[in-house]
Amino acid sequence: MAIAEAGSLLALKRRARKINRILADKYPYAHAELDFRNPFELVVATVLSAQTTDVLVNQVTKILFARYPDARALAEADPAELESILQPTGFFRAKARNVLALSTRLVDEYDGEVPGRLEDLVTLPGVGRKTANVVLGNAFGVPGITVDTHFGRLARRFGWTASDDPVKIEFDVAELFEPRDWTMLSHRVVFHGRRICHAKKPACGACPVASLCPSYGDGETDPDKAAKLLKYELAPGNEALLEKLLAETHRAAEIRMESQRRPG
């Protein structure tokens, strides 16, 4: 039994790592889609990203950080003014309370700086393991798996986990990959979930990992019909944007921001 289980785990690891390699080829420009210049901006943006889109958060944080550039400034913000800025993100009263409390804690306990340890980050108001891993992986270079709704959905579809619990998913997936791959794996899987492997109707017929996916057939398998379901730079009509991203992967975040500023 133990030998059979070990063989099954080895096969799962091989398939999972092959999926990661294919996604790396598909999305060489994968990156954190929240705009930030330092750990403070990233932790606040990630807290604000709950129940809304990264595009909207990026629009709001541009205004927010121009007004309150660091933890000390944000800790002293007028709650009503802060709520007004955050209103487009939804649940703005709770988010305003969280970022005020978060900033105050950073000032009082960490001299205004974001700590670089998971055990410290998860004690901050509004910060759970997902947010902590986002900050560690993208602001501090500490490997972490970020389990958002997209990552959890794809991890189950790929057969990497059977759980709905984000912490269990994180540990299940961590068993399949080397820590050095965790952060970029998170970006690639989320990119794939937003562009091809959608929640309601995945574009199976346009999926580069279809032959490795145990859930193939849950979505549209006809290649032409599936192609019409693709989003963002993969969507029909966005060929120029995709070509630019592939040619200048080092500028992916900047190119994405430029594309989102264009009308329509």
Side-chain angles (χ1 to χ4, degrees), residues 31-142 144 146-151 166-167 183 186-187 190 194 232 252-264:
H31 60 279
E33 293 186 275
L34 288 170
D35 300 334
F36 69 98
R37 293 169 295 185
N38 52 57
F40 171 70
E41 290 190 357
L42 181 56
V43 72
V44 171
T46 308
V47 169
L48 297 179
S49 70
Q51 306 296 316
T52 190
T53 66
D54 289 353
V55 172
L56 186 52
V57 171
N58 290 338
Q59 293 169 353
V60 168
T61 53
K62 185 176 181 180
I63 299 168
L64 178 70
F65 297 135
R67 179 71 178 85
Y68 309 108
D70 54 35
R72 286 182 172 81
L74 190 51
E76 297 173 0
D78 175 71
E81 183 178 346
L82 185 57
E83 288 181 2
S84 177
I85 294 172
L86 301 185
Q87 188 168 3
T89 70
F91 304 98
F92 60 93
R93 291 188 179 88
K95 289 179 180 180
R97 287 194 298 269
N98 275 338
V99 297
L100 278 171
L102 166 64
S103 301
T104 300
R105 176 81 75 81
L106 290 177
V107 171
D108 290 347
E109 297 189 21
Y110 298 100
D111 196 29
E113 301 296 322
V114 176
R117 301 193 311 162
L118 179 73
E119 52 266 43
D120 294 327
L121 284 167
V122 295
T123 68
L124 299 174
V127 177
R129 285 188 70 92
K130 186 197 86 167
T131 296
N133 279 326
V134 169
V135 174
L136 289 173
N138 296 284
F140 291 102
V142 177
T146 303
V147 182
D148 68 357
T149 55
H150 300 287
F151 191 97
V167 176
T183 299
S186 299
H187 292 324
V190 170
R194 287 176 169 166
Y232 303 104
E254 184 182 347
I255 292 168
R256 172 183 51 78
M257 284 187 277
E258 289 172 356
S259 72
Q260 289 169 355
R261 279 197 292 266
R262 293 183 189 129

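These numbers come from the heavy atoms of this one structure, side chains and all, not from hydrogens, waters or symmetry mates.
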> Between Ala75 and Val107, which heavy-atom pair has the shortest distance, and what is it?
CB-CG2, 4.3 Å
> Roughly how far, to the nearest 0.5 Å, is CG of Leu124 from CG of Leu106?
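Atom-to-atom, Leu106:CG and Leu124:CG are 5.5 Å apart.
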> Of the non-hydrogen atoms in Pro115 and Phe140, which two are nearest, and what is the gap between them?
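Taking Pro115 first and Phe140 second, the nearest heavy atoms are O-CE1, 3.7 Å.
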> Do any N or O atoms from the side chain of Lys95 and from the backbone of Leu48 form a donor-acceptor pair under 3.5 angstrom?
yes
> Distance from Phe151 atom CZ to Lys130 atom NZ, nearest 0.5 Å?
12.5 Å
> Taking all non-hydrogen atoms of both residues into account, name the closest pair between Asn133 and Gly144 and its distance.
OD1-CA, 3.9 Å
> Under a 3.5 Å distance rule, please check whether Arg105 uses its side chain to pair with a backbone N or O of Thr123 as donor and acceptor.
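Looks like yes, one N/O pair under 3.5 Å.
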> Quick check: do Ser103 and Phe40 have side-chain heavy atoms less than 4.5 Å from each other?
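In contact.
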> Applying side chain to side chain contact (heavy atoms under 4.5 Å, CB included), can you list everything that pairs with Thr53, at least two apart in sequence or on another chain?
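Listed in chain order: Val55, Leu56.
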> Return yes when atom CZ of Phe91 has more than 12 non-hydrogen atoms of other residues, nucleotides or ligands closer than 6.0 Å, and no otherwise.
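Counting other residues, nucleotides and ligands, CZ of Phe91 stays at 12 neighbours or fewer.
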> Looking at Thr46, Asp148, Val122, Leu121, which one forms a side chain to side chain contact (heavy atoms under 4.5 Å, CB included) with Thr131?
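It is Thr46; the other options fail the test.
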> Give a yes or no on whether Glu254 atom CD has more than 12 heavy-atom contacts from other residues, nucleotides or ligands under 6.0 Å away.
yes
> If you compare all heavy atoms of Thr52 against all heavy atoms of Val57, which two are closest, and at what distance to 0.1 Å?
CG2-CG2, 3.5 Å
> Would you give the length of the straight line joining atom CG of Asn38 to atom CZ of Phe65, rounded to the nearest 0.5 angstrom?
7.5 Å
> Just jot down the salt bridge (charged side-chain N to carboxylate O under 4.0 Å, His left out) partners of Arg194, sequence neighbours excluded, or say none.
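Per chain and number, Arg194 pairs via salt bridge (charged side-chain N to carboxylate O under 4.0 Å, His left out) with Glu33, Asp54.
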> Would you name the heavy atoms of Ala96 and Glu83 that are closest together and state the gap between them?
CB-CG, 3.7 Å
> Taking atom CD of Gln51 as the centre, does the number of heavy atoms from other residues, nucleotides or ligands within less than 6.0 Å exceed 12?
no
> Look only at the side chain of Ser84 and the backbone of Ala80, and say whether a donor-acceptor pair between them is shorter than 3.5 Å.
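Checked: no pair found.
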> Just how far is it from atom OH of Tyr68 to atom CG of Leu74, taken to the nearest 0.5 Å?
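The CG atom of Leu74 is 7.5 Å from OH of Tyr68, to the nearest 0.5 Å.
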> Between Arg129 and Leu118, is a side chain to side chain contact (heavy atoms under 4.5 Å, CB included) present by the stated rule, with each step listed?
CA-CA 8 Å; Arg129 285 188 70 92; Leu118 179 73; 3.6 Å; yes
> Kindly indicate whether the side chain of Leu82, heavy atoms from C-beta on, has any atom under 4.5 Å from the side chain of Leu86.
yes
> Kindly give the heavy-atom pair with the smallest separation between Gly126 and Val47, and that separation in Å.
O-CG2, 3.6 Å
> To the nearest 0.5 angstrom, please state how far the CG atom of Asp120 sits from the CD atom of Glu109.
9.0 Å
> Can you pull out every side chain to side chain donor-acceptor pair (under 3.5 Å) where at least one residue sits in residues 69-79? Sequence neighbours excluded, please.
Arg72-Asp111
> Quick one: pull up CG in Asn138 and CG in Leu34 and give me the separation to the nearest 0.5 Å.
9.0 Å
> Ignoring hydrogens and geometry, is there a side-chain-to-backbone donor-acceptor pair from Asn58 to Asp35 under 3.5 Å?
yes
